[in-house]
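Report on the structure given below.
Below, read A as the first sequence line, B as the second, and so on, with proteins coming before strands; counting in each chain starts at 1.
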Amino acid sequence: MTEQEKGPASNFIAAIVSADIRANKNDGKVMTRFPPEPNGYLHIGHAKSICLNFGLAQDFNGVCNLRFDDTNPTKEEQQYIDSIKEDVRWLGFDWRDRLYFASDYFEKFYEFAVYLIKKGKAYVDSLSADEIREYRGTLTRPGRESTYRQRSVEENLDLFERMKQGEFPDGTHVLRAKINMASGNLNMRDPVMYRILHASHHRTGNTWCIYPMYDFAHGQSDAIEGITHSICTLEFEDHRPLYDWFIDELELACHPQQIEFARLNLTYTIMSKRKLVRLVAEGHVQDWDDPRLPTISGLRRRGFTPEAIRDFCGRIGVAKKDSTVDMALLEHCLREDLNKRAPRVMAVLKPLKVVLENYPEGQVEELDAVNNPEDPAAGSRKVPFARELYIEQDDFMEEPVKKFFRLAPGREVRLRYGYFITCTGIKKDDATGEILELRCTYDPATRGGNAPDGRKVKATLHWVSAQHSLPAEVRLYSHLFTRENPAAAEEGEDFTTYINPESLEILSGCRLEPNLADARPESIYQFERLGYFCADRHDCTGGRLVFNRSVTLRDAWTKIKKKA
RNA sequence: UGGGGCGUCGUCAAGCGGUAAGACACAGGUUUUUGGUGCCUGCAUUCGGAGGUUCGAAUCCUCCCGCCCCAGCCA
């Protein structure tokens with residue numbers, strides 16, 4: 001069942017939207033928006049918001065805008081705009097011609113500000129940043145009014161105009177809303193609306209040297225665009241009274257409804273932009289698209305599909321409770337998607353040579369292998385079989401423990417789509433005792449993997465032909481952190497303490513079946529019995545074969561081993 | 001000690017006065033040329049706690065407890 005067939009999501013926000021439509025609020029129309037600040041890369045938490053906003057629009061016959069909240073030129077960059085657009089598109093969402101920028105509305109915001117000044121609802125404050133903080137009071141004590149709060153409308157108008165003209169250096173004045181310095185909600189204690197920033201903006205250049213704060217830009221942007229439901233995360237709940245206050249005082253025709261939901265947390269990773277920046281900047285990971293990161297580009301490079309991510313976002317639900325979703329659910333969604341789509345292929349990650357003593361030298365057979373047992377339409381392929389093969393080191397034990405039913409001395413197993421083989425000998429390095437190769441015999445009657453006499457074997461192993469297989473590099477990824485909640489650091493430690501030193505294992509001597517010779521970057525395969533692997537979008541080029549492990553297959557044997 | 005939220009299975013999450021959905025995880029079984037997949041079974045006499053209202057409460061009322069967010073000229 002695809003996510004489309006599962007029907008509209010049911011969550012408290014969908015319920016609100018649905019009720020609004022029934023009541024014919026907003027003439028029954030729905031318009032949402034995804035409003036990222038272009039100061040970093042999108043991560044799986046943003047995907048939740050994207051799926052919610054675009055999904056609501058889809059489910060209720062509305063539209064969803066992509067709007068960049070670019071009101072702080074000191075932090076925002078074009079490269080982030082590009083990556084965000086690419087990621088949203090890759091996730092499968094289309095904003096059509098509705099690409100907006102808060103900076104498109106700077107002129108309007110300025111007029112709004114002037115309007116509020118004239119109305120006596122805004123004033124220029126000339127306190128220093130430190131003084132403003134001090135005057136604001138504390139959580140339990142009310143603030144004090146600024147000595148500049150009573151400036152005349154004329155003086156405020158004059159000062160604000162001169163702020164705009166660039167007469168004053170950064171930090172000398174701000175425009176503030178005149179609300180209530182005694183409010184229990186600190187956001188209502190005369191919040192700053194504009195600050196002076198002599199900085200070049202990535203879109204407006206040097207046109208402005210005053211920039212609106214989030215609170216004086218977001219709601220108005222929503223109202224200008226005609227947004228009906230403005231969905232954001234819980235930490236903005238305290239801002240809602242201010243969101244409403246500005247729109248009311250500005251007497252705007254459209255008054256979107258702000259609704260808050262809990263942001264996504266995932267076990268064994270971190271979602272905070274600040275911490276992600278540190279991981280990248282301090283070199284704990286390669287870059288923003290490091291496959292260990294929960295960034296959209298990292299997940300993509302890891303081999304996650306848009307379908308799996310969308311399915312995940314649909315399953316986790318939307319609510320107001322702080323929660324941490326099990327990473328295992330994300331992995332489950334990927335396995336489920338890939339199980340039905342990924343072509344199967346054989347790859348040996350840690351090769352152990354096998355010589356079939358009774359197989360004719362120089363003989364090569366092309367054996368039929370099913371491409372995907374879950375999808376008959378995927379057809380089959382030929383895989384070369386020869387006297388010398390590689391199997392996985394983990395598939396042999398000289399002294400097998402109980403419940404290990406793979407290859408061992410004297411034991412017979414099946415080579416997938418190949419023959420039954422029996423281990424007859426071990427060649428070791430005399431000095432180190434290291435196993436160099438296995439001597440085996442094969443049963444010619446079992447070609448394809450079936451024994452005419454009906455005898456059974458307990459294991460089927462994957463393999464590749466030694467001479468035909470292709471060398472490859474395979475990167476094995478696991479959790480970036482050793483703790484479920486790395487953000488909750490103990491005394492004297494921070495989250496980097498819990499970085500998993502084994503989150504990346506690079507295997508360079510891997511052997512792939514020859515059909516993988518022209519694997520395209522980003523193509524995903526199931527390496528039988530091992531997991532799903534994705535050709536690296538950057539490094540799997542120019543004849544070099546480089547694969548990233550997206551996720552392992554569920555593995556009963558590892559569990560048995562751990563219990564023992 | 002101010003303001004705003006939230007507390008239903010290990011983790012998410014339905015439920016909205018009529019007697020606790022579902023998913024992941026976990027545990028068994030079964031099928032199987034992937035110890036994969038599929039299929040079957042088990043997994044909250046109880047909804048943070050205590051009172052109360054009611055024939056009946058996770059749902060309504062009261063009090064208590066716990067957790068999260070807010071003192072950027074960040075978003």
Side-chain angles (χ1 to χ4, degrees), chain A residues 10-11 15 35-37 39 69-72 74-76 125 127-129 132-134 136-143 170-176 182-189 191-197 210-211 213-215 217-218 232-241 260 262 264 267 273 315-333 335-336 339-340 344 346 369-370 373-374 403-406 414-418 420 446 448-451 456-462 484 526-531 552-560:
Chain A
S10 104
N11 57 60
E37 182 189 11
N39 71 340
D69 225 331
D70 56 349
T71 57
N72 186 350
T74 65
K75 293 188 171 177
E76 296 149 8
D125 196 354
L127 253 28
S128 69
I132 286 181
R133 187 184 315 121
E134 189 199 324
R136 186 153 32 226
T138 68
L139 292 179
T140 52
R141 256 195 295 279
D170 290 3
T172 49
H173 308 278
V174 291
L175 184 70
R176 292 231 251 170
S183 172
N185 181 345
L186 302 229
N187 294 116
M188 301 300 271
R189 319 241 265 227
V192 172
M193 296 161 59
Y194 267 95
R195 75 285 217 190
I196 299 171
L197 245 32
I210 55 173
Y211 292 90
M213 299 288 290
Y214 164 84
D215 287 305
H218 198 90
C232 61
T233 44
L234 252 28
E235 68 271 25
F236 291 101
E237 209 147 19
D238 286 342
H239 292 244
R240 189 170 6 128
E260 311 83 11
L264 170 67
T267 56
K273 239 183 222 180
R315 288 185 194 229
I316 56 178
V318 179
K320 298 192 70 160
K321 183 173 67 171
D322 288 314
S323 64
T324 302
V325 175
D326 196 334
M327 180 70 88
L329 180 60
L330 216 208
E331 294 175 345
H332 167 82
C333 292
R335 285 192 191 102
E336 191 172 79
N339 176 51
K340 63 185 190 234
R344 311 277 119 144
M346 292 195 283
V370 172
E374 306 297 315
K403 288 190 177 171
F404 178 89
F405 45 80
R406 276 113 92 146
R414 168 169 40 234
L415 294 182
R416 182 144 226 222
Y417 304 124
F420 282 16
T446 58
N450 290 303
K456 304 283 187 213
V457 288
K458 293 198 75 176
T460 300
L461 311 186
H462 61 276
E484 282 201 7
Q526 184 195 103
F527 289 0
E528 292 223 30
R529 302 210 302 133
L530 297 173
T552 61
L553 251 28
R554 287 185 71 228
D555 179 7
W557 169 236
T558 300
K559 280 183 192 171
I560 293 168

Checklist entry - Looking at A/K559, does any N or O in its side chain come under 4.0 Å of the phosphate oxygens OP1/OP2 on B/rC26? => result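 Indeed, a polar side-chain atom of A/K559 lies that close.
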
Rounded interatomic separation in angstrom, taking [atom1] from [X] and [atom2] from [N]:
X: A/H462; N: B/rG36; atom1: NE2; atom2: P; answer: 15 Å
X: A/R344; N: B/rU32; atom1: CZ; atom2: P; answer: 18 Å
X: A/K273; N: B/rA75; atom1: NZ; atom2: C1'; answer: 7 Å
X: A/D555; N: B/rU34; atom1: CG; atom2: P; answer: 14 Å
X: A/L553; N: B/rU32; atom1: CG; atom2: C1'; answer: 14 Å
X: A/E484; N: B/rC24; atom1: CD; atom2: P; answer: 18 Å

For this session: May I have the step-by-step check of side chain to side chain contact (heavy atoms under 4.5 Å, CB included) for A/R406 and A/W557, ending in yes or no?
Result: CA-CA 11 Å; A/R406 276 113 92 146; A/W557 169 236; 3.4 Å; yes

Contact class for [X] (heavy atom, under 4.0 Å): base, sugar-phosphate, or nothing?
X: A/T267; answer: nothing
X: A/F420; answer: nothing
X: A/Y211; answer: nothing
X: A/E374; answer: base
X: A/R554; answer: sugar-phosphate
X: A/A319; answer: sugar-phosphate
X: A/S128; answer: base
X: A/I132; answer: base
X: A/L127; answer: base

message: By nearest heavy atom, map A/L530 and A/N339 onto RNA chain B; which one lands nearer the 5' end?
response: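 That would be A/L530.
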
Protein heavy-atom contacts under 4.0 Å, written 5' to 3' over nucleotides 66-72 of chain B as B (base), S (sugar-phosphate only) or - (none), form the string --SBBBS

